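Below is one structure, written out as structure tokens, with a few remarks after it.
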Amino acid sequence: MIMSLQSFIEKAISPWMQEDGPDHDIVLSTRIRLARNFTDVPFPIMADEDSLKIVSNWIQDHFNQKTFAEGKKLEYISMRDLQALEKRALVEKHLISPYLIEREKESGVLLTNDEQVSVMINEEDHIRLQLYFPGLQLERGLEEAFKFDDWLEEKIDYAFDEKRGYLTSCPTNVGTGLRASVMMHLPALTLTQKMNKMVPAINQLGLVVRGLYGEGSEAVGNIYQISNQVTLGRSESDIIDDLHGVVNQMIERERYARKLLVEQSELRLEDRIYRSYGTLKYSRIIESKEAAKCLSDLRLGIDVGYLTHLSKSILNELMVLTQPAFLQQYAQQSLTAKQRDIKRAAIIRERLGLEE
Amino acid sequence: MDCENCHQRPATLHLTNYINGEKTEIHVCQHCAIEKGYIEGDDETYTIHDLLSGLFNFNTPMAKKPEPQTSSQQELTCPHCNMSYLQFAKTGKFGCSHCYQTFKDHLNPLFRRIHSGNTEHIGKIPKRQYVHLQKKRQIQDYREQLKQLIAQEAFEEAAKLRDKIKALEQASELNRDEEGE
């Protein structure tokens, strides 16, 4: 096995996640994604294996083991070389998309060793470069993504058109190819039923709100992802500004809702948080949905100051570690759903025990 | 106010679009908004590609059946990747960068619908491949700034900027001459 592959797959928490970013009481992370394609090679949907090989070979020849900046050495991992569970683990860390796994043919990913940059190869587009940052860092994110994009473009002829911009396989990405997303923890707005009202208003501004886990718009663990929908006819910095404006408003509203909750709930909020803490600390069987709900309560408890001895990085770690592929990797064997619920409870107990 | 699409349910979503300076207003109910792709539905099985392929028939009122595709649309096939227009309409994805040229007569309405009325890119330009285009955009940006400066009667700064524009224009003309040779 490639040496660094082991850490990509075994460590639940990416190195870039270990520091707190701006507004970390509400914003978990910022992601900037740019979609790019090679000119004169059919997009993956219409490309045969040989064409896709041109792309993956070119990427490996020019970027594998190359250093973009200090501490940013790239490693190419071909999906062909991974076991099913290893691929799932990369999805659970959000380093690759579920779609990349489905594609199989000549697909792969370039990762920097700090896991801050991930470049998916032969996904829906030839190139999907993604950069991750802790907390809310849209402007810095865009700046660094541009630098990385320029660096790739030194060696790649991009499919670009003066009128339409960067040409992508899906018409929803054409133009800038930019999808900027902010992952937010919004327990107070959810609890007070404000999210239901805010989501349609946000949609009208050309932005999309999604629950991170859970189905459809339901957000298990009160974690939402907010991103731009429009990619054509607006500059990248305007897109980022709009998103930033809305995110800032949501941060303000969430903080205010938390303040009111703390002031008005008397002991109820504190009670709820400590009950969740108790559940996580002592349960023997726990489903992923309940775990996510309790972890959200714990995060809120830390942010409003009820729980002072816990660190949030352990919560970030548990969020990934309690997912199916990570659980099974941890157990070193495949597990049924029931066995996973038992293993999940055990890992949470063990991790929280370390904090005391 | 009733939904302007189905005329049955009350309109709960109100959109205002500005396209080329023209203001259009849309008042629809949640159901029609999802169906028309203005907002995302809760129904998970209704994927973005369903929405997209729905957009290809955007001119067709819901009550009427989609009109049969004209034969020219049916025959339209990208010479580079062999994707047909029908295939494009069905998958909602381009097969290669040349498809944008092949299907160009059908794209503006689609892009307008997806991208809030926009059809043209105004963002980043590849640095190495499109040096000229970058200069052209830079000159356009400066000209806009120049107008504002003149409007603000900041003539000294305006003069400086005008010199900058001249220098840029001369430089890009020189480049073009060299390339022409």
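Below, chains carry the letters A, B, ... as their sequence lines are ordered, and counting in each starts from 1. Since we're looking at a predicted model, the values are computed, not measured.
Heavy atoms closer than 4.5 Å to chain B are found in both the backbone and the side chain of A:Thr168. Neither the backbone nor the side chain of A:Asp238 comes within contact range of chain B; no heavy atom of the residue lies under 4.5 Å from a heavy atom of that chain. Within the 4.5 angstrom heavy-atom criterion, no atom of A:Leu205 approaches chain B. For B:Ile122, the parts lying under 4.5 angstrom from a heavy atom of chain A are both the backbone and the side chain. Interface residue B:Gln87: only side-chain heavy atoms are found under 4.5 Å from chain A. Within the 4.5 angstrom heavy-atom criterion, only side-chain atoms of A:Arg36, from C-beta onward, approach chain B.
Annotation for A:Asp150 and B:Lys127: closest pair OD2-NZ, 3.2 Å, computed over non-hydrogen atoms. Contact record, A:Glu154 with B:Arg128: O-NE, 3.3 Å, taken as the closest heavy-atom pair. When all heavy atoms of A:Pro171 and B:Ile114 are compared, the pair lying nearest together is CB-CD1, 3.8 Å. Here the shortest heavy-atom pairing between B:Phe94 and A:Ile45 reads O-CG2, 3.5 Å. Listed here is the closest heavy atom pair of A:Thr231 and B:His115: OG1-CE1, 2.9 Å. For the residue pair B:Cys96 and A:Pro42, the shortest heavy atom distance occurs at CB-CA, 3.8 Å.
The greatest number of non-hydrogen atom pairs below 4.5 Å with chain B, out of A:Ala159, A:Gly165, A:Ser169, is found for A:Ser169. Between chain A and the residues B:Cys78, B:Cys99, B:Gly123, B:Ser97, the largest count of heavy-atom pairs under 4.5 Å involves B:Ser97. Among A:Leu232, A:Thr176, A:Val230, A:Thr39, the residue with the largest count of heavy-atom pairs under 4.5 Å with chain B is A:Leu232.
For B:Lys124 and A:Phe146, the positive end sits near the middle of the six-membered ring, less than 6.0 Å away and at most 45° from its axis.
Applying the 6.0 Å contact sphere to NZ of A:Lys293 captures more than 12 heavy atoms from other residues, nucleotides or ligands. Crowding of B:Gln152 atom CD: a count of heavy atoms from other residues, nucleotides or ligands under 6.0 Å exceeding 12. Counting heavy atoms of neighbouring residues, nucleotides and ligands inside a 6.0 Å radius, atom NZ of A:Lys66 exceeds 12 of them. No more than 12 heavy-atom neighbours from other residues, nucleotides or ligands sit within 6.0 angstrom of CD on A:Glu287. Within 6.0 Å of the NZ atom in A:Lys72, the count of heavy atoms belonging to other residues, nucleotides or ligands exceeds 12. The neighbour count for A:Trp151 CH2, taken as heavy atoms of other residues, nucleotides or ligands under 6.0 Å away, is above 12.
Of the inter-residue distances, the one linking B:Ser116 atom OG with A:Gln204 atom CD reads 11.0 Å to the nearest 0.5 angstrom. A:Phe43 contributes atom CZ, which lies 8.5 Å from atom SG of B:Cys81 (distance to the nearest 0.5 angstrom). Distance check, rounded to the nearest 0.5 Å: CD of B:Gln129 to CG of A:Asp157 gives 4.5 Å. The distance from the CZ atom of A:Arg234 to the NE2 atom of B:His121 is 13.5 Å, given to the nearest 0.5 Å. Here the straight-line distance linking atom CE of A:Met46 with atom CE of B:Met83 works out to 4.5 Å at 0.5 Å rounding.
B:Tyr130 and A:Phe160 have their aromatic ring centers within a separation under 6.0 angstrom.
A donor and an acceptor atom, one from each side chain of B:His98 and A:Asp40, are located under 3.5 Å apart.
Counting heavy atoms from C-beta outward, A:Tyr166 and B:Pro126 have side chains that approach closer than 4.5 Å.
Contact check on A:Glu162 versus B:Arg137 returns no salt bridge, with no Lys/Arg side-chain nitrogen under 4.0 Å from an Asp/Glu carboxylate oxygen. Between B:Lys93 and A:Glu124, at least one side-chain nitrogen of the basic residue sits less than 4.0 Å from a carboxylate oxygen of the acidic one, meeting the salt-bridge criterion.
Among residues two or more places apart in sequence or in another chain, the salt bridge (Lys or Arg N to Asp or Glu O under 4.0 Å) test is passed with B:Arg143 by B:Glu169.
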